[in-house]
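Since the structure is predicted, the reported quantities are computational estimates derived from the model, not experimental observations. One-based numbering, in listed order, for ligands and for the atoms of each. Residues take their numbers from the sequence shown, with the count starting at 1.
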Amino acid sequence: MSRIQVRDLRIELSGRTILHDVDLSAEPGELIYLLGRNGAGKSTLLRSICGMITPASGEVLIDGTPVRRLPSPARSLGMHLGTEPVHPGHTARRHLRWIAAAAGVGGDRIDQVLARTGVDAYGNRRIGDYSLGMRQRLGIATALLPVLDGGDGAGALVFDEPLNGLDVEGIVWLRNLLGALAADGHAVLVASHLLAEVARSADRIVLIDRQTASPAVPVAEFQGRHDDLESAYLAAIGVRADSSQVPG
Ligand SMILES: Nc1ncnc2c1ncn2[C@@H]1O[C@H](COP(=O)(O)OP(=O)(O)OP(=O)(O)O)[C@@H](O)[C@H]1O
């Protein structure tokens, strides 16, 4: 069973407050989506949860342990934080070998995650030649490395905009994968702008706005009296649905 707890988190970068007073708990078996406009702080929050950003104050606990005290966060957390290839000349297989070794995950997992994500079809080609959707699938494969089927691997997973660039069958595949991970007891946290997908899949929604996070609420509660999630979201961030102003 896995749990992500964020307590009273404050993040400052280059002397600017990016997030403050963030409290969030992703429980075992829950799929939580983070919403928020460009620059709201979703990636910053996910990176903080993964221990890649040191908070000015507050804490992140993964299964009750402060993330920065975990001996190997990449073993305790499945992470997909972006699609930029670190080494464009590497193949997917070599990339995964490198990540698995760094995280202390057995190399026998590599073939499993390649097959589970469909990356095995092009696992021996250099990442620099991948399309966006192919890079997304590789990022998802990386996040699955420490997640052992029925074992004691990572319990919690975070994904930063994993849907971007996936084709239609990829979106359906990822929806089923995230649902299956949650059903297996993993706490799953996903940042996305794709509200149709959020509406059909999320257990709860958190809105990142005005440098903080709303309480996590079920989709129906977030939607309230609005016709759909998009209208509710626009109202929540203070934008009129018919507005043609450049947001900012
Ligand atoms: N290293 C950094 N130094 C200073 N400011 C930063 C740094 N990284 C991010 N920021 C700022 O933090 C804010 C939040 O950025 P973040 O990438 O977390 O937003 P986001 O919600 O993920 O946006 P998007 O939806 O566009 O991906 C932005 O104002 C960004 O400019």
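Applying the salt bridge (Lys or Arg N to Asp or Glu O under 4.0 Å) definition to pairs two or more places apart or across chains, those involving residues 13-27 are R3-E27.
Annotation: atom 21 (O) of ligand 1 to nearest protein heavy atom, K42 NZ, 2.7 Å. Closest to atom 11 (C) of ligand 1 among all protein heavy atoms lies I18 CD1, 3.8 Å. The nearest heavy-atom contact from the protein to atom 30 (C) of ligand 1 is R16 NH1, 4.6 Å. At the shortest separation from atom 8 (N) of ligand 1 among protein heavy atoms lies L13 CD1, 3.7 Å. Looking from atom 17 (O) of ligand 1 to the surrounding protein, the closest heavy atom is S43 CB, 3.7 Å.
Residues I11 and S48 come closest through the heavy atom pair CD1-OG, 3.2 Å.
Salt bridge status for D120 with R93: absent, with no side-chain N to carboxylate O gap under 4.0 Å.
The heavy atom nearest to atom 23 (O) of ligand 1, considering only G39, A191, G41, is found in G39.
The N/O atoms of A40, backbone and side chain alike, include one that comes under 3.5 Å of an N/O atom in ligand 1.
We find the OG-CG distance between S192 and L163 to be 5.0 Å, quoted to the nearest 0.5 Å. Atom-to-atom distance recorded for I49:CD1 and T44:OG1 is 11.0 Å, nearest 0.5 angstrom. If you take CG on L138 and CG on L114, they are separated by 8.0 Å, rounding to the nearest 0.5 Å.
The side-chain contact (heavy atoms from CB on, under 4.5 Å) search around R210 returns none, not counting sequence neighbours.
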Given the rule in the side-chain contact (heavy atoms from CB on, under 4.5 Å) test, do L70 and D63 qualify, once you have shown the distances and angles that lead to the verdict? CA-CA 10 Å; L70 290 170; D63 300 333; over 6 Å; no

Run the side-chain contact (heavy atoms from CB on, under 4.5 Å) check on H95 and T142 step by step: do they pass? CA-CA 9 Å; H95 173 76; T142 308; 3.8 Å; yes

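Both the backbone and the side chain of T44 come within 4.0 Å of ligand 1, counting heavy atoms alone. Contacts of E161 with ligand 1, taken as heavy-atom pairs under 4.0 Å, involve the side chain alone.
Short contacts between ligand 1 and S14, defined as distances under 4.0 Å to a heavy atom of the residue, involve ligand atoms 3 (N), 4 (C). Near N38, with a cut-off below 4.0 Å to any heavy atom, the atoms of ligand 1 are 23 (O), 24 (P), 25 (O), 26 (O). In summary, the atoms of ligand 1 found under 4.0 Å from a heavy atom of H193, numbered by their order in the structure, are 25 (O).
Under a 4.0 angstrom heavy-atom cut-off, R47 registers as lying outside contact with ligand 1.
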